[in-house]
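Inspection log for the structure reproduced underneath, given as structure tokens.
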Amino acid sequence: MWTSLKRLYHKMGSPKWFYEISTRWSPWFLLVGSALMLTGVVWGLAFAPADYLQGNSFRIIYIHVPASLLSQSAYIMMAAAGLVGLVWKMKMSFVVAKVIAPIGASLAIMSLLTGAIWGKPTWGTWWVWDARLTSMLILLFLYFGVIAIYNAIENEEMANKAAGILAIVGSINIPIIKYSVEWWNTLHQPATITMTKKPTMAPEMFIPLLLTIIGFYCWFAVWVFARTRNELLWRERRTKWVKNLVINAPTNSGAHQ
Amino acid sequence: MALEYLPDTDLSSKPLLCARGLYCERDDRVLFKDLNFDLSSGQIVRLAGPNGAGKSSLMRILLGLSASYEGALYWHEQDMARALYDFRSDLLYIGHDVGVKSNLTPEENLAWSCPNVTKQDIYGALKRVGLSGFEDLLTHGLSAGQQRRVALARLFLSSKELENKSLWILDEPFTAIDKHGVADLEQVIVNHAQQGGLVILTTHHDLSVPVKTIMLGQTQKASL
Amino acid sequence: MALEYLPDTDLSSKPLLCARGLYCERDDRVLFKDLNFDLSSGQIVRLAGPNGAGKSSLMRILLGLSASYEGALYWHEQDMARALYDFRSDLLYIGHDVGVKSNLTPEENLAWSCPNVTKQDIYGALKRVGLSGFEDLLTHGLSAGQQRRVALARLFLSSKELENKSLWILDEPFTAIDKHGVADLEQVIVNHAQQGGLVILTTHHDLSVPVKTIMLGQTQKASL
Amino acid sequence: MFFDSFSSFIEMGGHGLYVWACYGLAAIIVAVNFISPVLTRKKVIKDIQRQNRREQN
Amino acid sequence: MNGSMKALFKRDMLLAFRSRGDLLNPLMFFLMVASLFPLAVSPDPLFLGQIAPGVIWVGALLATLLSLDLLFKSDFEDGSLEQMLLMPQPTLLMVIVKVLVHWLVAGLPLAFIAPLLGLMLGLPSGGFAPLMATLLLATPILSLLGAIGAGLTVGLRKGGMLMPLLILPLYIPVLIFASSAVQAGVLGNSYVGHMAFLGAYLALTLVVAPVATASALRISIAR
Amino acid sequence: MNGSMKALFKRDMLLAFRSRGDLLNPLMFFLMVASLFPLAVSPDPLFLGQIAPGVIWVGALLATLLSLDLLFKSDFEDGSLEQMLLMPQPTLLMVIVKVLVHWLVAGLPLAFIAPLLGLMLGLPSGGFAPLMATLLLATPILSLLGAIGAGLTVGLRKGGMLMPLLILPLYIPVLIFASSAVQAGVLGNSYVGHMAFLGAYLALTLVVAPVATASALRISIAR
Ligand code: HEM
Ligand SMILES: Nc1ncnc2c1ncn2[C@@H]1O[C@H](COP(=O)(O)OP(=O)(O)OP(=O)(O)O)[C@@H](O)[C@H]1O
Ligand SMILES: Nc1ncnc2c1ncn2[C@@H]1O[C@H](COP(=O)(O)OP(=O)(O)OP(=O)(O)O)[C@@H](O)[C@H]1O
Ligand SMILES: [Mg+2]
Ligand SMILES: [Mg+2]
């Protein structure tokens, strides 16, 4: 048991193994994710009933909520990957952490934008200093910080370590930030404008939401795999397996691919 | 990568600092590879090579300030990572940037970098480097050479009785120093080696004493 | 204060730069007083003296960067204050701090400091100082000597045809430069003088060419 | 189908602009996430090929 | 603009874009100030809207002030400033080029991002036009006046934050007129008078500041 | 504290007092923010009193943030930081000493000058006690967390003002709890809970920050 775990760990640390396995899995994630998303979105947009309070604007939920959830869990994943990299000196893990940062940031932006747009018809304003909004904004800043570190440090190894430290410190603070923002808001905020509490949703509204959430996670995997493979190619450009792979790769003129 | 050895001055003693298979690459250019050496006490070792050969890089690797290398380092035959405390206790390093605060006086600078010595010792050392009378001026009001002399005064403080640093790593210690000063410094370095210290230095000056040379090669393209 | 003259190489020509009765005092210490000299084109002039003698101070006075002096300066027999534009048009100065931006590439650095030359000239000059292949790396990633070489490349660009700077003032140009580089530089300096330029420099190295020396004295207490 | 006509589907009871803007923006961000690694991959492969060629010379 | 000045302009823009951090520095600071206030004061949009003109303008002023530190400092430290002062061209030209770059990099972007801050702070809609207008007109003043302070303090070892002390008094008219222009806009009043004052102040500083900065630099370098 | 650390402490205090500008830097900034607001927002003391807790705390936060830039920078530039990392003593100790000095020089004085700002901004009398209390308790947090950012960005050429981006999110809990403690004080409510939270946050950062900073410095120097 222990030895097989160890073997798995070493395998995961191997770029070539990761490259191959992710190449094999990506299409499946893509397929499943796209199917789920298609079903969920069509169902949510066209078939689910309108909310009796918010009318049709509630259909934004099917992208807003998955993006919000995923951007938060992506940060945790990134910090965890950074921790593994720092503690066990596993380079693969650093690659994954690096690759998650821009994806997570894009999802945080998606959450903020869809939320802001949703706010206009429901709250009558694009932006309020609500607890959730504020903490999502701060999460975006945390992502920006990590990305900025990667951009600012040229030496890759150093950049990975520095970003790892920042991500970990940030993740320790996420619950504190969230708690403080929520607490702050309940103190000041007139209760008129708060985000709807977890609704006891009708199943025909809830199931598509579930589908899109799972679909987003699948897509997320595809994106992480694709970016990781690119990073690996460049890092391992001197190795034989990459050279072979690149020789066989179509050049820019390749009309067939 | 050529490695020139002067015969070891003291073959009987165990080596202080060993390097095995050092490899360093910068911007796709291999600075050195498969570098092996054993340095023992009593030696003066010069890292030589043209500008950009990798002398300072090698020094930073030895110091543990740089992580961009492969290979193994041993201090007193112990793995460097485990001997770090001992290594650093024994170490005196003066780099391209000498770590002298321009807003402190020479005396204050030394009081910080050599915390175990007395004020009298510091005045003595400053006198030795020709800075008597300048002890209480702010360092930024000194000339280029005088500023470097403040840092070099540490060499006069690190003798056996005072700071007891046996390993000196000096990156171009003679920069901006006048003739007379260079001769003085060479003398200190020789004395230190004779008292059982190990000195690793780089310089583009000609040294008037015989030293062991580690030659770092011309630039090469990386090819794995 | 001792003033040693080599016989002027070209007595017929009018002097380019004259100093009359220069006096400079720092922290109650007279660096030099009653300093007079006439420098003409074709000369290589070395300001000599130990660390803290006042070589850099004198240079900054000549450059008009320092106001803490007494005496008069003439450029082409005109009062310096009135000849300032001509003087500066003819001037190339490289000081202790070389004015190379670490966040620019060598090429970009030269493009700024020598705006009248072509990209090709710059590449040529960088090649001359041994930096071909490094043109597009940021300067802070270069070694200590290579960074100084970026500044020194200006010497190769200031020849008659290109920037046409006849007066070179160089404060320890050989700092951090390897043997080979020093020889190269000396050659450029000699060439410049032979083509009618005037070079004023300081260095603690031994020069292999004969030069006129202005000796700045040992430190003295001011006594008025 | 919840809506009785295509135009009412587009209109979304007056909220069409908001809903479609959201889905549009989301589509853009998703598309970027899908496309950018593909472009990067092409560039990386080209760079490696160029480097290999340089080293063969 | 002759060759040297063009080269200097290019160099400084290049440097600004290369160290992107410095470029975004004032902008980031500006954004930060605006997002901290709701957290510290109150999230109520109506209340925030009242203080928005003042907060935004104080933010802009502080952001510019902080970025001024870099105007001559790195050039002083690595010897480039000496080189510039030794150019045959008048120092005045050099100062103008550097101030121009500073404004393009640190001042102008403030004007463009200000509407976003207005949104976040619930600025009433009448305030947006005067906010942008005052920023466009008055950020050059901030750069110009700031350059004098930067020139006087460059290379000072004991000087640290001397600069605010020197130039803040000169900034205060700008702050008063600009923020009350925005407030006038919010209330629907005319703010032509304010703009005229700012324009006149700009004309004055355009004449005085570069000369003063050039002499300040000569003094600083001779130290 | 052993010999080296004592010497380091002495050196850093000496440096702080020698370049008095840097020492007064945060204090000046703090004062500036407080004196600009009445000009920019409204001179009405009642209105100002409402925003005073927030303004003062935002000022304190920004002031600390700006002073952090200097924590390791000059030591990095002249090679002293290398020397410190080469000392046999654990880097952790060195970090603690430097953070301590930073707090003594840049944080603590804020607490003592804050009442003056309270007066200038018309802070109701109930706010003074919690203002000082929160500043005393929370400025160490700012120094500690800030050190992480300073350690990560020291020596970065592209980094400029990266730091705010990195650590401001971490400062936000402090800002929220501290400013609402003051507000609670103004309203005559208890602010024990706020203080307890700040105390807990201080404990956490005391554990985490020095370790993180030490590793950050090792990474920065190895670049
Ligand atoms: C910029 C504005 C907004 C942001 C940043 C934002 C952010 C978030 C976040 C982070 C979540 C996930 C919370 C969790 O951890 O479970 C979430 C969920 C949700 N949001 Fe928003 N939101 C915004 C605007 C809105 C608006 C305007 C509405 C509708 C009135 C809304 C409705 C919801 C609902 C229904 C959920 C799921 C319920 C739940 O999981 O608790 N959001 N939002
Ligand atoms: N921080 C860095 N990042 C990237 N490359 C670097 C860095 N430092 C040095 N290098 C590269 O390593 C090479 C060797 O530099 P190093 O400073 O070791 O040379 P050196 O032998 O000490 O030269 P010098 O005699 O000029 O001091 C340089 O050519 C440079 O290209
Ligand atoms: N900015 C200054 N303020 C006060 N005194 C100064 C200043 N600069 C130099 N000095 C004094 O002037 C003396 C001469 O300095 P200078 O830099 O001219 O010497 P130098 O001959 O160039 O020496 P080196 O060979 O070390 O470069 C120094 O001893 C110093 O005390
Ligand atoms: Mg070197
Ligand atoms: Mg000198």
Side-chain angles (χ1 to χ4, degrees), chain E residues 15-29 31-33 35-42 47-48 50-63 65-67 69-70 77 153 156-165 168 171-173 175-176 178-180 182-183, chain F residues 16 18-29 31-33 35-42 47-48 50-63 65-67 69-70 77 153 156-165 168-169 171-176 178-180 182-183:
Chain E
L15 277 171
F17 280 89
R18 184 124 328 139
S19 51
R20 257 159 290 158
D22 296 346
L23 187 72
L24 295 177
N25 183 341
L27 218 60
M28 279 285 310
F29 184 85
L31 261 175
M32 267 162 41
V33 171
S35 42
L36 290 180
F37 262 90
L39 296 174
V41 176
S42 149
F47 186 73
L48 279 176
Q50 281 182 283
I51 61 170
V55 170
I56 294 176
W57 251 102
V58 169
L61 203 140
L62 293 176
L65 193 64
L66 295 170
S67 64
D69 209 26
L70 301 173
E77 279 171 0
T153 55
L156 273 194
R157 317 221 139 239
K158 278 196 205 163
M161 203 65 162
L162 198 62
M163 206 149 65
L165 209 57
L168 219 67
Y171 276 6
I172 283 177
L175 182 69
I176 291 175
S179 62
S180 50
V182 182
Q183 256 151 1
Chain F
R18 183 122 332 138
S19 51
R20 254 158 293 156
D22 296 346
L23 186 73
L24 294 178
N25 182 341
L27 223 57
M28 278 283 309
F29 185 86
L31 267 173
M32 266 163 46
V33 171
S35 44
L36 291 179
F37 263 89
L39 296 175
V41 175
S42 146
F47 186 73
L48 278 177
Q50 280 182 285
I51 62 169
V55 171
I56 295 177
W57 251 100
V58 169
L61 203 140
L62 293 176
L65 192 65
L66 295 170
S67 64
D69 209 26
L70 303 172
E77 280 170 0
T153 55
L156 274 192
R157 322 223 135 237
K158 278 195 207 165
M161 201 64 161
L162 200 61
M163 208 146 65
L165 196 62
L168 221 67
Y171 277 4
I172 282 176
V174 176
L175 182 69
I176 289 174
S179 63
S180 49
V182 182
Q183 260 153 357

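What you see is a predicted model; the values in this text were computed from it and never measured. Per chain, numbering begins at 1; letters A, B, ... match sequence-line order. FYI, side chains are in, hydrogens and waters are out, and symmetry mates aren't considered; it's all heavy atoms of this structure.
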### Task
Give, as side chain, backbone, both or neither, the part of E/Leu61 having an atom under 4.5 angstrom from any heavy atom of chain F.
side chain
### Query
Roughly how far apart are F/Ser42 OG and E/Ile51 CD1, rounded to 0.5 Å?
11.0 Å
### chain F contact via E/Val182 - side chain, backbone, both or neither, heavy atoms under 4.5 Å
neither
### Message
Is F/Ile172 close to chain E through its backbone or its side chain, or both, or neither, when contacts mean heavy atoms under 4.5 Å?
### Response
side chain
### Query
Where does the angle between the aromatic ring planes of F/Phe47 and E/Phe47 fall among parallel (under 30°), tilted (30 to 60°) and perpendicular (over 60°)?
tilted
### Task
Answer yes or no: is there a side-chain heavy-atom contact under 4.5 Å between F/Met163 and F/Leu168?
no
### Query
Mind checking whether E/Val41 and F/Gln50 have side chains closer than 4.5 Å, heavy atoms only?
no
### Query
So which part of F/Tyr171 gets closer than 4.5 Å to some heavy atom of chain E, the side chain, the backbone, both or neither?
neither
### Query
Checking side-chain contact (heavy atoms from CB on, under 4.5 Å) for the pair F/Leu175/E/Leu36: CA distance, chi angles, key distance, verdict?
CA-CA 8 Å; F/Leu175 182 69; E/Leu36 290 180; 3.7 Å; yes
#### Entry: Toward chain E, the part of F/Leu62 with a non-hydrogen atom under 4.5 Å
side chain
